[in-house]
**Student:** 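This is the structure I have questions about; it appears just below.
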Amino acid sequence: MNIYSSNVRLFSDQLNSINSKYNFISLLRLGSILLSLTSMYYYFQQSEILWLILAVLLFAVFIFLMRIHSRLQFQRKINQALLEINQNEIDFLERKSVSFENGVEFVDFHHPYAYDLDIFGNNSLFQYLNRTATFIGKKTLADSLLQKSSNEEIQKNQEAVKELTQKIEFRQEFLALAKVNDDNEQSYQSLLNWSIFNSEPLPKWTLFFSYISPVLFVITFVAYLITSDLVVLKSLSYLFLLNLMVLGKFFKRIKIEITNSDNIDKIIGNYGLLLEKIEKESFESSQLIALQKQLQLKSTQSSAYLKQLSELFSRNDTIANLFTAVLFNGTFLFNFHVLKALLAWKNEHAVDLKEWLAVIGEFEKLNSLANLSYNNPEFTYPVLNTDFKIDFTSLSHPLLNPVSRVGNDVAFHPQSFMVLTGSNMSGKSTFLRSLGINMVLAATGSVVCATEAHVHPLPVLVSMRLSDSLSDSESYFFAEIKRLKQIMDGLVVEPAFVLLDEILRGTNSDDKRNGTIEVLKKVIFKKAIGAIATHDIEVCLTTNEFPEILSNNCFEVEIVNDDLHFDYKLRKGICQNKSATFLMKKMDII
């Protein structure tokens, strides 16, 4: 928290300083152009060369000030972004507001755990983690939360996250650059679509003509200046029209190449700045070094190629201006040469473009995980194993308030499956979600909300919170049956970490109890690790049949001063309380 408060003060002071310079340069710029125009006026009035020289010098000053103004404008955007980043972290840690995107577009009701564990949406894990600002970064983070990586990949990610945790300046500057990018899915996809669009090569005669014609135009123009011959001037006009005719033949081709490219030159340029930021940083972890090496192409860094592409798209914008398009193309076939350069760039670098942007996405994902680690120094990196051993010390849910959340010790060995009982509001569902969320985090290479953890990364399969699907015309009960089938099919492929919360609620009590027992038996026969929450004592008695596999645990509630008291502590055994009867009596229901 202290570093964020300190940064807010620092960037506020810097922003005030930049704003002062920005406003001063704006006044100088305005003054220089006004004085330049005044000098031109006096030149036309008095025909003295001194006024012309002064006008040209003042215009040169104006151009110079424009460059400074543009640089200050960019610095101001970066400082505003850095100030916002640190203020957002303060508001988030003080639990005032959560201003990060929630990834609701990634919600998938059919995913084995995404909807049940609140991976996306308001107050979701994604929103808690998300420190991305590009589309590819957001998607990369989302994808990492939806699938399990191999132990080797998890280990590499852990090392990368550990290193980036300490690089707060790099992380914040990277995020600031990404925030001013104004990137979105449409711009990202349009760029990729352009790179894979099969562009036919230009006819050879046009390549020859594009070099000869500008040279002939210059020679003819110089000849006219020397001779003032009208025949030469007429030839010059014919050549001007011929150039426009040749360009007209390729006008449609140019428009196709730059279609949907509004502001794409700026977005590509900012991609280049992000890559340059990665290229210039020193890293020690193997994962970050490997990502950095992906940006090296021959002897040139990828950022240079993206800056080149940005400039090409920017130059092609001139075709939208009638005056400049006619002037530049009638004389030098300007846009045709830009088209040639774009096609040459595509032929040489298009195959690498997606990989370069993927590196940006990976860094934004790892930066997000590093931010979680930085904000929660009490969290731990799980020790990985391949022995199907999973245990946590002081396990809790990372989204809960750290002041009030309660940690629990849990081990899935020697018994590998837990039957969990407890009244409503006692903490069963929160505990199951804590298990699921932390298994998901462990599979990304992140820290987990525990003081110690040993994890065998497994696929996570959950049936906790389904909903009626009106669009699919199916009831809650049928949706739950389909989810249980999905879990069983998944267990056929490989062992998994399974969480079941009060399954088969859509049937009568006998059917529910018997069905739950049979599901439990089949799950443990398929070598699943995990937990099932239930209110049926008969389900708990199944542990007598499989004492080496099943264990009973519970959350109890106490009546203190004629009121219910929940301590949310996990205990051995079967729940004994009857809180529902107590509550109904207290509220005069019974």
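Treat the numbers as computed from the prediction; the structure is a model and nothing was measured. The figures that follow rest on heavy atoms only: side chains count, while hydrogens, waters and symmetry mates do not.
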**Student:** Judged by atom type as modelled, is there a donor-acceptor pair below 3.5 Å linking the side chain of W345 to the main-chain atoms of Y305?
**Tutor:** yes
**Student:** Examine distances only and state if a side-chain atom of S17 and a backbone atom of D13 form a donor-acceptor pair shorter than 3.5 Å.
**Tutor:** no
**Student:** With a 6.0 Å cut-off (strictly less than), is the heavy-atom count around CZ of R67, excluding the residue itself, greater than 12?
**Tutor:** no
**Student:** So which atom in V338 and which in L312 form the shortest heavy-atom distance, rounded to 0.1 Å?
**Tutor:** CG1-O, 3.4 Å
**Student:** Atom CG in L242, atom OH in Y238: separation rounded to 0.5 Å?
**Tutor:** 12.0 Å
**Student:** Drop me the distance from L291's CG to L295's CG, to the nearest 0.5 angstrom.
**Tutor:** 8.0 Å
**Student:** I want to check something: taking the side chain as every heavy atom from C-beta on, are L441 and L129 in contact at a cut-off of under 4.5 Å?
**Tutor:** yes
**Student:** Looking at Q46, I'd like to know if its CD atom is crowded, meaning that more than 12 non-hydrogen atoms belonging to other residues, nucleotides or ligands lie closer than 6.0 Å.
**Tutor:** yes
**Student:** Quick check against the 3.5 Å criterion: does R405 have a side-chain atom that pairs as donor or acceptor with the backbone of L400?
**Tutor:** yes
**Student:** Decide yes or no on side-chain contact (heavy atoms from CB on, under 4.5 Å) for I268 and L191, but give the supporting numbers first.
**Tutor:** CA-CA 8 Å; I268 295 170; L191 179 58; 3.7 Å; yes
**Student:** Please check: side-chain N/O of S373 versus main-chain N/O of L369, any donor-acceptor pairing under 3.5 Å?
**Tutor:** no
**Student:** Taking atom CD1 of I18 and atom CG of L72, what is their separation to the nearest 0.5 Å?
**Tutor:** 7.0 Å
**Student:** For the pair K277 and E281, find out whether any cationic side-chain nitrogen is under 4.0 Å from an anionic carboxylate oxygen.
**Tutor:** no
**Student:** Rounded to the nearest 0.5 Å, how far does CG of N130 lie from CZ of F126?
**Tutor:** 4.0 Å
**Student:** Using only atom types and a distance under 3.5 Å, with no angle test, would you say the side chain of S124 pairs donor to acceptor with the backbone of G121?
**Tutor:** yes
**Student:** Would you call E159-K162 a salt bridge at under 4.0 Å N-O?
**Tutor:** no
**Student:** Heavy-atom count around K77 NZ within 6.0 Å, excluding the residue itself: above 12?
**Tutor:** no
**Student:** Can you confirm whether I278 sits close enough to V359 that some side-chain heavy atom of one is under 4.5 Å from a side-chain heavy atom of the other?
**Tutor:** yes
**Student:** Quick one: sort the F313 and W194 rings into parallel, tilted or perpendicular, breaks at 30° and 60°.
**Tutor:** perpendicular
**Student:** Set out, in order, the CA-CA distance, both residues' side-chain angles and the distance that settles side-chain hydrogen bond (donor to acceptor under 3.5 Å, both in side chains) for S368 and N371, then state yes or no.
**Tutor:** CA-CA 5 Å; S368 294; N371 192 79; over 6 Å; no
**Student:** Working note: K280 + E276, criterion salt bridge (Lys or Arg N to Asp or Glu O under 4.0 Å); need CA distance, chi angles, decisive distance, verdict.
**Tutor:** CA-CA 6 Å; K280 289 184 176 180; E276 186 177 29; 3.3 Å; yes
**Student:** Test your reading of the model: is there a side-chain donor-acceptor pair from S70 to the backbone of M66, 3.5 Å cut-off?
**Tutor:** no
**Student:** So I267 and N184, side-chain contact (heavy atoms from CB on, under 4.5 Å) or not? Walk me through it.
**Tutor:** CA-CA 9 Å; I267 292 172; N184 54 54; 5.5 Å; no
**Student:** Would you sort out whether Y381 and Q155 count as a side-chain contact (heavy atoms from CB on, under 4.5 Å), showing the intermediate values?
**Tutor:** CA-CA 10 Å; Y381 291 92; Q155 191 68 50; over 6 Å; no
**Student:** Side-chain contact, heavy-atom cut-off 4.5 Å: T444 with L141?
**Tutor:** no
**Student:** Test S302 against Q296 for side-chain hydrogen bond (donor to acceptor under 3.5 Å, both in side chains), laying out the working first.
**Tutor:** CA-CA 6 Å; S302 59; Q296 182 75 37; over 6 Å; no
**Student:** Are L175 and N367 packed together at the side-chain level, in the sense that at least one heavy-atom pair is separated by less than 4.5 angstrom?
**Tutor:** no
**Student:** Any donor-acceptor pair under 3.5 Å linking the side chain of N181 with the backbone of L177?
**Tutor:** no
**Student:** Applying the ring-ring contact (aromatic ring centres under 6.0 Å, His included) criterion to H69, which one of F64, F24, Y22 satisfies it?
**Tutor:** Y22
**Student:** Is any side-chain heavy atom of P398 less than 4.5 Å from a side-chain heavy atom of I437?
**Tutor:** yes
**Student:** Who passes ring-ring contact (aromatic ring centres under 6.0 Å, His included) against F92, sequence neighbours left out?
**Tutor:** F100, Y128
**Student:** Are the side chain of S190 and the backbone N or O of Q186 linked by a donor-acceptor pair below 3.5 Å?
**Tutor:** yes
**Student:** List the atom of V448, the atom of F379, and the distance in Å for their closest heavy-atom pair.
**Tutor:** O-CB, 3.2 Å
**Student:** Assess whether side-chain hydrogen bond (donor to acceptor under 3.5 Å, both in side chains) is satisfied between S99 and E84, documenting all intermediate values.
**Tutor:** CA-CA 10 Å; S99 57; E84 180 183 318; over 6 Å; no
**Student:** Do N375 and Y4 come close enough that some side-chain heavy atom pair is under 4.5 Å?
**Tutor:** yes
**Student:** Enumerate the residue pairs fulfilling salt bridge (Lys or Arg N to Asp or Glu O under 4.0 Å) with a member in residues 128-151, sequence neighbours excluded, ordered by first and then second residue.
**Tutor:** E89-R131, E101-K138, E105-K138, K139-D143
**Student:** How about P457 and L384: do any of their side-chain heavy atoms sit closer than 4.5 Å?
**Tutor:** yes
**Student:** List the atom of V161, the atom of L366, and the distance in Å for their closest heavy-atom pair.
**Tutor:** CG2-CD2, 4.0 Å
**Student:** Taking the six-membered ring of F62 as reference, does the cationic atom of R29 (NZ for Lys, CZ for Arg) lie under 6.0 Å from its centre and within 45° of its axis?
**Tutor:** no
**Student:** Compare every heavy atom of A160 with every heavy atom of S285, then report the nearest pair and how far apart it is.
**Tutor:** OG-CA, 3.6 Å
**Student:** If I compare all heavy atoms of L273 with all of F74, which pair ends up nearest, and what's the gap?
**Tutor:** CD1-CZ, 3.6 Å
**Student:** Does a side-chain heavy-atom distance below 4.5 Å link S213 with L239?
**Tutor:** yes
**Student:** Considering residues at least two apart in sequence or located in another chain, which fulfil the ring-ring contact (aromatic ring centres under 6.0 Å, His included) criterion with F283?
**Tutor:** F170, F363
**Student:** Indicate the atoms forming the closest heavy-atom contact of A442 with I154, along with that distance.
**Tutor:** O-CG2, 3.3 Å
**Student:** Between E152 and K156, does any NZ, NE, NH1 or NH2 come within less than 4.0 Å of an OD or OE carboxylate oxygen?
**Tutor:** yes
**Student:** So, the side chain of Q127 versus the backbone of N123: is there a donor-acceptor pair under 3.5 Å, distance only?
**Tutor:** yes
**Student:** Would you give the length of the straight line joining atom OH of Y271 to atom CD1 of I136, rounded to the nearest 0.5 angstrom?
**Tutor:** 8.0 Å
**Student:** Just verifying a value: how many Å separate D118 CG and H397 NE2, rounded to the nearest 0.5 Å?
**Tutor:** 7.0 Å
**Student:** Yes or no on side-chain contact (heavy atoms from CB on, under 4.5 Å) for E364 and T140, after CA distance, side-chain angles and deciding distance?
**Tutor:** CA-CA 8 Å; E364 284 203 284; T140 303; over 6 Å; no
**Student:** Is it the case that the side chain of T220 and the backbone of L216 share a donor-acceptor pair, with hydrogens and angles ignored and the cut-off at 3.5 Å?
**Tutor:** yes
**Student:** Go through the steps for D91 and Q87 under the test side-chain hydrogen bond (donor to acceptor under 3.5 Å, both in side chains), then give the verdict.
**Tutor:** CA-CA 6 Å; D91 292 342; Q87 188 60 58; 3.2 Å; yes
